[in-house]
Colleague: 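First the structure, then my questions, so here it is.
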Amino acid sequence: MFFILKLPFQILQFIKQIRILLFTTLILISCKEKKKTNNEISINPLLSEWKTPFGMPPFDEISSADYLPALRKAITIHKDEIKIIVENKERATFKNTIEALEISGAVLKKITNVFYAVNAANTDKILRETAKTIGPELAAHFDEITLNSELFKRIESVYNQIHQLDLGKQELFLISETYKNYKSSGVNLKGEQKERLKEINKKITILSNKFETNLLDETNAFELHVSDKKDLGNLSESLIALAASEAKKRGHDSGWSFTLQRPSINPFLEVSPNRAMREKLFKAYTHRGDNDNSNDNKKIISELVALRVEKANLLGYKTWADKVLSNRMAKKSENVFKLMNQMWPSALAMAKKDKNALATMMKKEGIKDKFRGSDWRYYVAKLRAKKYSFNEEDTRPYFEFNNVREGAFKLAYTLFGITFKPIENAQKWHPDQQVFEVLENGKHLGVIYMDFFARESKRGGAWMNEIRMQSNINSFVTPIVTNNFNYPAPTKGQPSLLSFSEAQTLFHEFGHALHGLLSNVKYASMSGTNVPRDFVEFPSQVMENWMSEPQVLATYAKHYKTGEIIPAALIKKMNIANDFDEGFRSVEYMAAAYLDLKWHSLKDTTLQDVRKFEANAMRDIGLINEILPRYRSTYYSHVFSGGYSAGYYSYLWSEVLDADTFNEFKKTGDIFNPELSKKYRAMLAAGGSKSGMDLYKNFLGRKPKIEPLLVKKGFGK
Ligand SMILES: [Zn+2]
């Protein structure tokens with residue numbers, strides 16, 4: 001599942017609370033001051049003014065070793081800024097306290113944004129060490145601020161005057177959000193409790209970081225080497241070439257190598273007739289972090305979960321889910337369970353029916369053994385081919401990655417009138433990146449970096465992050481965003497050809513990017529994707545609706561050799577075939593969402609046996625053995641290192657909103673309806689300056705409806 005990656009949860013949470021703004025004059029650290037400090041800092045490009053086009057990070061000048069000293073320096077600068085706010089002799093006002101807090105920490109935010117973007121997309125040993133070292137230091141630093149009672153007194157004093165203040169809506173929203181966030185972070189705790197909270201925050205940061213490192217190591221360590229070409233089935237030429245180059249990279253003279261990265265494993269599971277090999281690969285993937293070796297994540301999980309319960313209790317909540325959901329659109333876990341329970345029985349029934357059909361097919365081939373999880377994708381592909389004469393590999397030539405990207409750009413033009421112009425000679429973190437300036441009628445709107453291909457230095461999945469948030473306090477600051485994917489890299493003579501779902505991912509992440517790029521608010525802390533997590537997947541998922549419409553496909557789904565537009569008959573077959581596996585997709589997703597919520601609905605801090613807990617949780621919902629949750633606990637980065645704890649349900653919650661929205665467009669008879677597009681854009685522009693429900697109601701004039709999603713998934717009522 002694709003996600004929106006900002007900073008590790010711990011830091012993200014604090015940064016959002018502290019409301020750091022980017023690019024104020026504070027970035028311009030005076031040279032005189034720099035010379036007084038050590039030499040390393042004086043030439044550190046991260047601490048200098050960036051005289052690049054649009055203030056883009058000077059990646060060519062930055063080396064991995066620059067981050068740690070720069071981050072530490074930026075922490076001390078931030079401390080000084082906070083000190084000035086706290087020690088101000090004047091009475092607390094919106095300007096000298098709330099807005100001052102919002103703009104404080106600009107240098108730190110500027111550097112952390114770049115650091116975490118690069119660490120996720122192109123890490124190395126030094127960056128990983130830096131993340132490990134700086135994580136706890138940042139957690140402690142932000143604790144010092146959010147738990148500062150003197151600072152909170154000033155915030156509270158402004159908050160108490162809120163009804164007498166003659167301020168705009170965004171200013172008032174900023175006051176109440178700042179107050180709420182500080183209050184719920186534990187600032188009112190006393191003595192020992194406060195110290196314990198700091199200790200917990202630090203431990204959570206260390207454990208989350210270790211979880212991610214273990215996972216990356218486990219993923220990279222595995223290799224399946226194939227020497228007989230017939231084990232590759234009808235794998236596409238581009239993927240065969242990729243597997244051959246992977247084998248060379250790993251020191252083999254010949255053959256093909258497959259890894260645990262999704263673009264490598266999924267096609268193999270779909271096409272390889274070698275059942276034992278499929279089983280080996282599947283097992284390796286689904287046991288990452290669960291091999292009782294030095295990379296095992298089980299102990300980390302049980303400790304993390306217990307610490308979260310303890311933290312929730314300290315802050316006055318019964319469970320971690322209660323705490324997390326208190327500021328989400330869903331409000332309570334009961335509301336989430338209600339939504340999921342409404343869909344689960346239909347999804348499960350559909351999946352069971354499909355399983356029987358697949359198992360029967362396997363039996364007919366003379367295989368007497370039990371049908372297993374590692375057989376699922378293979379027989380789905382076979383059944384699709386047989387029933388609908390559809391082969392996913394036939395569609396790849398129509399989804400060359402540059403064409404798909406162009407399709408996303410054209411859609412943005414049709415809906416919002418914005419265009420994308422390549423920035424020549426832009427400094428990048430990796431040579432494969434593409435960088436574009438975003439324009440509207442010639443006016444600069446922002447910058448987008450796109451990093452497409454899988455490599456060992458990149459974490460798995462796809463994500464967007466913001467290197468610079470839009471804001472408009474004294475002057476308009478334009479956003480810089482990134483999109484990151486794990487597509488198969490092109491090889492000699494073979495371009496990168498995407499599967500339909502990989503193409504869908506491009507539109508998805510691009511939707512997040514548009515959310516950041518079209519932002520038009522005053523404060524960075526409420527700009528772009530700074531919305532509740534169960535709202536944030538809405539602008540991304542809605543794009544997936546457009547991308548598969550025939551009139552949109554016609555603009556980009558062109559054969560990479562002949563330029564022929566994807567034939568209508570193939571689209572039709574593709575849509576029917578894709579609908580076929582909806583039961584599996586919904587079940588594996590919802591099982592993971594249930595698992596997450598169950599982990600975070602624990603009320604006591606007893607350390608859990610991870611395998612047992614997961615098995616029980618899945619038994620309770622009646623999950624069948626042939627389907628595993630999309631993420632098992634030991635490789636569930638979203639939840640244990642990615643900021644989606646008690647929040648993986650967000651995709652489904654947002655799906656209600658996106659299906660409802662697209663249905664509104666369809667109802668007008670024009671999927672590009674200009675009036676509706678305008679309203680939709682206004683909602684994106686408002687970022688998180690209102691609650692999720694208010695944003696939605698302003699957009700469509702009513703609350704969201706669930707029916708369009710049920711219809712779309714074929715679940716009926
Ligand atoms: Zn997303």
Side-chain angles (χ1 to χ4, degrees), residues 1-2 233-236 262-263 265-273 275 278 281-282 285-286 340 343-365 371-396 399 461 498-505 507-508 541 544-545 547-548 570-594 618 621-631 651-652 655 658-659 709-716:
M1 186 70 51
F2 348 107
N234 62 348
L235 193 69
S236 68
R262 286 231 178 210
I265 179 173
N266 283 359
F268 188 86
L269 291 178
E270 278 163 28
V271 301
S272 175
R275 193 164 182 249
R278 289 202 312 264
L281 196 58
F282 183 79
Y285 181 83
T286 56
M340 294 209 293
M343 309 181 80
W344 178 254
S346 308
L348 191 61
M350 212 184 249
K352 280 180 180 170
K353 208 175 124 216
D354 291 349
K355 184 203 82 180
N356 291 337
L358 300 173
T360 308
M361 192 173 189
M362 188 175 98
K363 214 175 216 166
K364 274 191 188 153
E365 286 187 356
F371 182 79
R372 296 192 199 124
S374 51
D375 297 317
W376 195 289
R377 287 175 191 275
Y378 180 71
Y379 284 99
V380 163
K382 268 201 149 175
L383 200 71
R384 274 175 177 164
K386 195 178 154 214
K387 211 168 166 184
Y388 313 110
S389 52
F390 175 77
N391 174 8
E392 169 127 39
E393 296 302 303
D394 293 344
T395 62
R396 278 191 195 266
F399 295 112
L498 311 186
S499 67
F500 175 75
S501 67
E502 284 167 341
Q504 218 170 21
T505 303
F507 278 79
H508 176 106
Q541 289 179 171
E544 296 174 34
N545 292 282
M547 68 83 70
S548 58
L570 187 56
I571 298 176
K572 203 174 160 200
K573 271 199 293 191
M574 181 175 77
N575 288 339
I576 298 173
N578 279 339
D579 283 350
F580 170 71
D581 211 20
E582 183 55 49
F584 172 85
R585 280 195 298 271
S586 294
V587 164
E588 77 155 3
Y589 164 76
M590 272 197 270
Y594 275 115
M618 296 300 95
I621 56 169
L623 183 66
I624 51 175
N625 291 333
E626 296 78 5
I627 301 181
L628 289 175
R630 190 173 170 102
Y631 299 101
Y651 295 95
L652 184 67
E655 226 179 328
D658 83 67
L709 180 62
L710 296 179
V711 172
K712 187 177 154 192
K713 287 192 175 282
F715 293 164

Colleague: With rounding to the nearest 0.5 Å, note down the distance linking CG in N391 to CG in N234.
Modeller: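 Going from CG on N391 over to CG on N234, the span is 5.0 Å.
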Colleague: Among all residues two or more places apart in sequence or in another chain, which pass the side chain to side chain contact (heavy atoms under 4.5 Å, CB included) test with N625?
Modeller: none
Colleague: To the nearest 0.5 angstrom, please state how far the CZ atom of F500 sits from the CG atom of N575.
Modeller: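 It is 6.5 Å, given to the nearest 0.5 Å.
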Colleague: What is the distance from atom OG of S272 to atom CZ of R278, rounded to the nearest 0.5 Å?
Modeller: 6.5 Å
Colleague: Would you mind reporting whether E626 and R372 have side-chain heavy atoms less than 4.5 Å apart?
Modeller: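 Not touching, per the 4.5 Å side-chain cut-off.
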Colleague: For the residue pair A591 and I621, what are the closest heavy atoms and their distance?
Modeller: CA-CD1, 4.0 Å
Colleague: Under the ring-ring contact (aromatic ring centres under 6.0 Å, His included) test, which residues partner Y378, sequence neighbours left out?
Modeller: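 Result, ring-ring contact (aromatic ring centres under 6.0 Å, His included) vs Y378: none returned.
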Colleague: For the OH atom of Y379 and the CG atom of D354, what is their distance to the nearest 0.5 Å?
Modeller: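 It is 16.0 Å, given to the nearest 0.5 Å.
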Colleague: Nearest 0.5 Å, what's the OG1-CG distance between T505 and L498?
Modeller: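 Between atom OG1 of T505 and atom CG of L498 there are 9.0 Å.
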Colleague: State which residues pass ring-ring contact (aromatic ring centres under 6.0 Å, His included) with F282; sequence neighbours excluded, sorted by chain then number.
Modeller: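 Residues passing ring-ring contact (aromatic ring centres under 6.0 Å, His included) with F282: none at all.
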Colleague: Show the nearest heavy-atom pair for residues A659 and K712, with the distance to one decimal.
Modeller: CB-CD, 4.3 Å
Colleague: Side chains of V380 and E270, heavy atoms from C-beta outward: is any pair under 4.5 Å?
Modeller: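 V380 does not reach E270 side chain to side chain.
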Colleague: Would you mind checking if D375 and K382 are paired as a salt bridge, meaning a charged N to carboxylate O distance below 4.0 Å?
Modeller: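 No salt bridge links K382 with D375.
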Colleague: Would you mind reporting whether E502 and R396 have side-chain heavy atoms less than 4.5 Å apart?
Modeller: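 A side-chain contact exists here, since the closest heavy-atom pair is under 4.5 Å.
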Colleague: Taking C-beta and beyond as the side chain, do F268 and L235 meet within less than 4.5 Å on heavy atoms?
Modeller: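 When only atoms from C-beta onward are counted, L235 and F268 do not touch, as no gap falls below 4.5 Å.
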Colleague: Check whether any side-chain heavy atom of F584 sits under 4.5 Å from a side-chain heavy atom of K355, and report yes or no.
Modeller: no
Colleague: Check the side chains of Y589 and E655 for a donor-acceptor pair under 3.5 angstrom, ignoring hydrogens and angles.
Modeller: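 E655 vs Y589: no donor-acceptor pair found between side chains.
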Colleague: A347: which residues meet the side chain to side chain contact (heavy atoms under 4.5 Å, CB included) condition with it, sequence neighbours left out?
Modeller: S586, V587, M590, F715
Colleague: Do the side chain of R377 and the main chain of N266 share a donor and acceptor less than 3.5 angstrom apart?
Modeller: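 Here the side-chain-to-backbone pair does not exist.
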Colleague: For the CG atom of L628 and the CH2 atom of W376, what is their distance to the nearest 0.5 Å?
Modeller: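 So the CG of L628 and the CH2 of W376 are separated by 11.0 Å.
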Colleague: Please find the pair of heavy atoms, one from L348 and one from G622, that lie closest to each other, and give the distance.
Modeller: CD2-O, 3.6 Å
Colleague: Over all heavy atoms of both residues, which pair between L710 and M343 is shortest? Give the atoms and the distance, please.
Modeller: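 The pair with the smallest heavy-atom distance is CD2-CE, 3.8 Å.
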Colleague: Taking side chain to side chain contact (heavy atoms under 4.5 Å, CB included) as the definition, give me every residue that meets it alongside A577, ordered by chain and number, with sequence neighbours left out.
Modeller: R384, Y388, F390
Colleague: Once salt bridge (charged side-chain N to carboxylate O under 4.0 Å, His left out) is applied, what residue pairs with a partner in residues 573-589 remain, sequence neighbours excluded?
Modeller: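 Every pair satisfying salt bridge (charged side-chain N to carboxylate O under 4.0 Å, His left out) with a residue in residues 573-589: E582-R585, E582-K713, E588-R630.
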Colleague: Give the minimum heavy-atom separation between M547 and E544, together with the two atoms involved.
Modeller: CG-O, 3.4 Å
Colleague: Is S548 close to F507 at the side-chain level, that is, under 4.5 Å between some pair of heavy atoms?
Modeller: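 Heavy-atom side-chain distance check fails, nothing below 4.5 Å.
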Colleague: What pair of heavy atoms forms the shortest contact from A503 to F399, and how long is it?
Modeller: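 Of all heavy-atom pairs spanning A503 and F399, the closest is CB-CD2, 3.9 Å.
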Colleague: I'd like to check L623 versus W344 (side-chain heavy atoms, cut-off strictly below 4.5 Å). Are they in contact?
Modeller: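 L623 vs W344: side chains touch.
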